[in-house]
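Computed from a predicted structure; not experimentally measured.
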Protein chains: 2
Amino acid sequence: MDSSPPDLLGEFAADRLLLGRSSTVRRVTDVLRDRIAAGALRSGTRLSEEALGGALGVSRNTLREAFRVLAHERLVVHEMNRGVFVRSLGPADVADIYLTRRALETEGVRSATGSGRLAPVAEAVAAGESAARDGDWSAVADADLRFHRAVGALTGSERIDAYLAGLLAELRLAFAVMSDPRALHEPFLRRNRQIADLLAADRSRDAEAELVRYLDDARELIVARMRQDAQ
Amino acid sequence: MDSSPPDLLGEFAADRLLLGRSSTVRRVTDVLRDRIAAGALRSGTRLSEEALGGALGVSRNTLREAFRVLAHERLVVHEMNRGVFVRSLGPADVADIYLTRRALETEGVRSATGSGRLAPVAEAVAAGESAARDGDWSAVADADLRFHRAVGALTGSERIDAYLAGLLAELRLAFAVMSDPRALHEPFLRRNRQIADLLAADRSRDAEAELVRYLDDARELIVARMRQDAQ
DNA sequence: CTTGTGGAATTGTTCAACAACCTTCTAGCC
DNA sequence: GGCTAGAAGGTTGTTGAACAATTCCACAAG
């Protein structure tokens, strides 16, 4: 091993996390998180320990460990002696999420000046436009979330990225119960492009102002749609 | 019950969370979190399931549920097949925490204009100054964290408050292993006061600039002290 | 229509067991 | 001596069963 070039050793070290066998709890958590994000588990659904454990082929104790993680991620709600339920977002939650996104994403825009790390941002914008041409609105939604996560990642902060990923996962709870994804995502494709262009032109001040407007408008649209769908 | 004034019913509804009996997992999580914050469990300590479970009088399964929560809060590190360890913060972690604090706390300052919610901020400043007069540097540290959490709370966002609380809990991991708390906290008492005064004078622009300087300076001081203590 | 009451179902927690894994020590080899 | 392989012991990962406590639901009684 001593004769290997240091580059290769570094790559293997990076792979270590990937190939580390994962625990059952981890896999169960991932499966449930994906199912919730995909809308396969509707908001309010109760996740019975016995039924779910039987379906997934894991014990109640293992499942309960996974529930603790998902509850901390706010994707499920744990009610004492009653069980865990898929979270359902209210207008107040959506408003809170957008407020928090503003804090994190504007910090990303502010710290973008001069850094050559704009590639993921541009890539997400292009992916969204491409998906829109294909009429694949689910892919548009994915690209939109990827765009905003990339903006937050401009801070270079591991924690900001983790928080933002969690917030966007929560938002999927709201998207999952709403109809007409096109009306929800199409208007913002152009604005993502605009923000990306402003960043590329090193006009972070303008990009921040536009981002704030974007987030306020998106919040208004979603809250309005939620109140409308609620009837 | 129909004859009760609506005010009373509202108050009882608010009390509902308070009187809810707590689970064993919840109590264990709280105990461990407090012990870690107080420095009673040093960084790097392995938390043996059998030993800790025996000491606390809870089963391994219950303890493992608590571990999942603490790991998600980044207060412990869970290493597969090796156990959980009290987290130890490196300089990179501290830098990341301060970067994230900047995003959240400056948002608080920006949204403070005109709001009459400055009372908790002023209270924390006064508490810090009072504790400093008594030479109680542990209480000064408490008041300092309370001040910054109050600044974040100016956003009115539940999530920002939760994130900030988590970040400050993490920071205690670094404080716990450092000597001379006075040198660590005293220089910042005056600056907390200054920020609070700027907010009270509705000069949020200046308060934000000062807060950014504050956080950068604090980060530098702590990272320097960490490298120094590490030898 | 509200208030008890009983029973079924579910959660909260513990315990015991076993496989898988990590760490350490020992023995043997060059 | 220094290094490698392998055995031994201890710890974690996961399961299944058990029981108390609690919630939920239906139904009877006032």
Quick one: what's the B/S/- string for nucleotides 10-19 of chain D, heavy-atom cutoff under 4.0 Å, read 5' to 3'? -SBBBBB-B-
Compute the ring centroids of A:His148 and A:Tyr214, then answer whether they are less than 6.0 Å apart.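 Judged by ring-centre distance (under 6.0 Å), A:His148 and A:Tyr214 do meet the cut-off.
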Apply the test side-chain contact (heavy atoms from CB on, under 4.5 Å) to residues A:Phe67 and A:Leu52: give CA-CA distance (whole Å), side-chain angles for both, the deciding distance (0.1 Å), then the verdict. CA-CA 11 Å; A:Phe67 282 166; A:Leu52 238 188; 4.1 Å; yes
A:Arg87 side chain near A:Leu89 side chain, heavy-atom distance below 4.5 Å: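 In short, these two side chains touch, coming nearer than 4.5 Å.
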Nearest-0.5 Å distance, CG of residue B:Leu167 to CG of residue B:Leu145: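 B:Leu167 atom CG to B:Leu145 atom CG measures 11.0 Å (nearest 0.5 Å).
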When the axes are fitted on five pairs at both termini, how much does the helix from C:dC1-D:dG30 to C:dC30-D:dG1 curve, in 10° steps?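 That helix gives 20° between its end axes.
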For B:His78, all residues meeting ring pair (Phe, Tyr, Trp, His ring centres under 6.0 Å), sequence neighbours excluded: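 Listed in chain order: nothing, the list is empty.
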Side-chain donor or acceptor of A:Arg117 paired with backbone N/O of A:Leu154 under 3.5 Å: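 Looks like yes, one N/O pair under 3.5 Å.
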Should B:Arg33 and B:Asp30 count as an ion pair when the cut-off is N to O under 4.0 Å?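 A salt bridge links B:Arg33 with B:Asp30.
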